[in-house]
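This structure is a prediction, so every number in the text was calculated from the model and none was measured.
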Amino acid sequence: MSDKELDEILKEVKQRNNAESDVVPEEPAKDAEAENKTEVLNEADEAVEETPAEETVEETADKAEEFSIDEEPTHVVNEEIPEEGAIDILAVADDYSEEEPELIRSAKENDGKKKKSNVVIAVIAVLIVIALGVGAYLYFSGRLNKPAEKAETSTTQPTTAAVQLDSGTANPLTGELNYNKNALGKRPVAVVVENEYSTESVRPQWGIADADMVLEGETEFSTRLLFFFADMNQLPEQIGPSRSARPPFIRFSQLWDSVFIHTGLSRSKDDYEGADTVFENENIDHINLLAQSEDGTYFGRDNSRKTAVEHTGYLNGKNVVQLINNNKINTDLREERFTKFEFNDKDEAMGEDSGKTATFKWSDRCPKKGVFTYDESKGVYKTTDFDSRYGESNLEVKTLIYLLDETEYIVKDNYKHAGQSETYCNYALAGGEGKLLSMGTSVDIKWSKEDGKLVIKTADGQDVKLNRGKIYIGYGSSNHGGSITVE
């Protein structure tokens with residue numbers, strides 16, 4: 001059926017409707033509340049282009065990553081999620097300015113177009129069943145069905161082979177034996193996970209006990225985590241709550257040539273250099289989970305804790321190999337960019353100083369303090385910092401590494417167009433002092449970044465060997481009140 005024939009049929013429908021009613025509903029009345037919410041979304045977004053209805057989901061995701069993924073709120077009071085099926089657009093606009101306001105608005109616009117189309121379809125179907133049925137099929141298959149197709153078209157085969165544990169093969173991050181022999185020479189994965197100190201529902205973090213190495217650094221008035229996994233074939237099914245990228249975490253992840261995975265990102269503005277600029281200028285291999293569907297294949301939402309939406313996102317670690325392949329990221333490790341620790345064959349004391357308890361203060365600005373205590377019966381350090389009423393984190397680490405670095409606080413004005421400002425903590429990766437604890441003992445250290453890798457030596461310049469096992473790294477400020485207290 002040609003466009004001209006379809007126009008004639010539509011014209012006939014309108015004429016028949018005029019005969020039955022004095023008012024012709026050429027367009028359904030706009031819902032005032034929906035219109036107002038759309039207006040709020042437009043104000044919350046920052047120079048975002050409209051997404052035409054003809055665009056595929058892939059194109060929409062690309063634009064969301066390029067234009068609309070911005071910063072997240074610093075403090076979010078726990079909120080009850082709406083009943084199933086109900087979407088609070090205003091809440092999404094407020095809590096998720098960094099997480100695809102363009103997609104939300106685009107979906108709303110498409111929904112409005114569907115409602116208008118349904119009015120026409122219903123009338124046409126009654127008057128001209130066969131002819132209009134064909135026309136409606138052509139129209140809708142071309143315009144509305146296309147966005148629903150979320151296709152992962154990559155046919156790339158997994159870049160790592162099946163798991164083959166070998167008693168003589170060591171994990172390159174932890175030194176632990178019985179590692180997957182086929183994962184040697186492959187890049188680790190670093191996932192951004194939140195630890196908003198005032199929001200209990202983010203803990204225990206999903207997957208924290210499975211991480212080979214956990215980094216905790218300061219962000220905006222609290223801390224954020226990086227989970228490092230050496231073998232991408234053996235990630236837990238749920239890792240999170242996944243959060244957005246910040247420049248210091250991106251750069252720290254590259255000390256191990258990691259594939260960086262995040263949910264959203266900060267954007268450059270005025271004097272603030274955001275994650276978007278770092279990704280582009282430093283050629284970082286990364287995956288933004290907001291470009292994925294929320295169906296749980298790669299990225300999903302866990303609403304079991306009844307909290308605000310930004311605390312619910314997670315990475316499905318079981319499918320991360322395919323996700324990396326879909327993004328055409330090379331998984332071969334570049335040895336010259338990988339920090340390789342040396343490990344003792346048997347557990348040894350770090351020195352003569354006691355290291356039973358460590359209390360870490362990130363800075364004068366960050367109110368959170370982290371406390372680890374040595375469990376002599378198991379030879380590991382434990383903490384309750386990642387526990388909540390939802391359960392225990394079960395995090396046990398063999399080695400604690402505390403690093404103090406030069407930091408700078410940068411203000412970003414008119415944050416989210418709300419007339420307020422946000423202050424970001426940037427790390428210089430300039431090197432400095434710190435402490436290393438293991439087996440209930442401690443030693444003062446000096447650290448530096450050399451040739452893109454982390455170098456740790458004792459205070460008198462001797463090489464350091466670690467005991468085999470999981471590692472926690474506390475990353476704080478040397479020039480804004482950060483400190484390590486060991487007993």
Side-chain angles (χ1 to χ4, degrees), residues 39-48 64-79 89-102 104-105 192 194-199 202 216-225 241 243-252 262-281 288 290 308-311 313 361-369 405-429 475-482:
E39 191 173 300
V40 171
L41 283 169
N42 289 334
E43 293 176 357
D45 204 0
E46 192 171 324
V48 180
E65 182 174 359
E66 182 179 359
F67 293 109
S68 64
I69 303 173
D70 209 344
E71 301 82 13
E72 63 199 333
T74 303
H75 291 92
V76 180
V77 179
N78 283 352
E79 299 175 14
I89 299 296
L90 287 173
V92 171
D94 182 53
D95 293 337
Y96 255 123
S97 67
E98 75 166 339
E99 301 201 9
E100 298 182 289
E102 179 182 1
I104 297 170
R105 183 170 65 252
V192 183
E194 78 168 312
N195 191 34
E196 167 60 53
Y197 81 96
S198 64
T199 307
V202 308
E216 185 171 12
E218 184 178 354
T219 51
E220 299 88 62
F221 204 65
S222 191
T223 63
R224 189 155 296 187
L225 308 170
R243 290 306 292 264
S244 61
R246 297 290 184 269
F249 293 85
I250 300 170
R251 291 176 173 134
F252 203 93
H262 57 105
T263 302
L265 71 162
S266 65
R267 302 189 72 83
S268 297
K269 183 179 180 182
D270 300 328
D271 293 332
Y272 174 68
E273 180 188 48
D276 57 342
T277 299
V278 174
F279 284 138
E280 180 177 358
N281 291 349
N288 189 348
L290 293 181
V309 66
E310 74 269 21
H311 304 311
K361 178 183 177 183
W362 276 266
S363 72
D364 289 332
R365 181 180 177 85
C366 179
K368 182 183 184 296
K369 290 183 179 180
D405 192 11
E406 295 177 8
T407 59
E408 179 185 12
Y409 295 100
I410 301 178
V411 177
K412 183 175 180 179
D413 292 324
N414 198 19
Y415 179 65
K416 295 193 301 176
H417 297 271
Q420 300 176 345
S421 64
E422 182 61 285
T423 302
Y424 294 90
C425 178
N426 272 357
Y427 288 79
L429 267 177
Y475 192 32
S477 173
S478 60
N479 58 329
H480 287 98

Which residues share a ring pair (Phe, Tyr, Trp, His ring centres under 6.0 Å) with Phe252, sequence neighbours left out: Trp256, Tyr475

Shortest non-hydrogen contact from Arg224 to Phe249? O-CE2, 3.4 Å

Rounded to the nearest 0.5 Å, the CG atom of Asp413 sits from the OH atom of Tyr272 at a distance of 13.5 Å

Is there a side-chain contact between Lys368 and Asn195, using heavy atoms and a 4.5 Å cut-off? yes

Is the distance from the ring center of Tyr409 to that of His480 below 6.0 Å? yes

Which atom pair, heavy atoms only, marks the closest approach of Asp405 to Leu429? OD2-N, 2.6 Å

Around atom CG of Asp271, are there more than 12 heavy atoms from other residues, nucleotides or ligands closer than 6.0 Å? no

Sidechain-backbone polar pair: Ser266 side chain, Gly274 backbone, donor-acceptor under 3.5 Å: no

Beyond-backbone contact of Glu310 with Pro241, side-chain heavy atoms, under 4.5 angstrom: no

Check Ile250 against Ala275 and note the closest heavy-atom contact, atom names and distance. CD1-CB, 3.7 Å

State, to 0.1 Å, how close Leu265 and Ser244 come at their nearest heavy-atom pair, and which atoms those are. N-CB, 3.4 Å

Could I get the full list of salt bridge (Lys or Arg N to Asp or Glu O under 4.0 Å) partners for Glu218, not counting sequence neighbours? none

Show your working on side-chain contact (heavy atoms from CB on, under 4.5 Å) between Glu406 and Ser478 and close with a plain yes or no. CA-CA 5 Å; Glu406 295 177 8; Ser478 60; 4.0 Å; yes

Side-chain contact test, heavy atoms from C-beta onward, threshold under 4.5 Å: evaluate it for Arg251 versus Tyr427 and give yes or no. no

So NE2 of His262 and CG of Asn288: to nearest 0.5 Å the spacing works out to 4.5 Å

If only side-chain N and O atoms count, and only distance matters, is there a donor-acceptor pair under 3.5 Å linking Ser363 with Ser477? no

Which atom names give the shortest non-hydrogen contact between Arg246 and Glu220, and what distance separates them? NE-OE2, 3.0 Å

Test Arg365 against Thr423 for side-chain contact (heavy atoms from CB on, under 4.5 Å), laying out the working first. CA-CA 11 Å; Arg365 181 180 177 85; Thr423 302; 3.2 Å; yes

Any donor-acceptor pair under 3.5 Å linking the side chain of Asn479 with the backbone of Thr407? yes

Verdict with reasoning, Ser268 to Asp276, per side-chain hydrogen bond (donor to acceptor under 3.5 Å, both in side chains): CA-CA 7 Å; Ser268 297; Asp276 57 342; 3.2 Å; yes

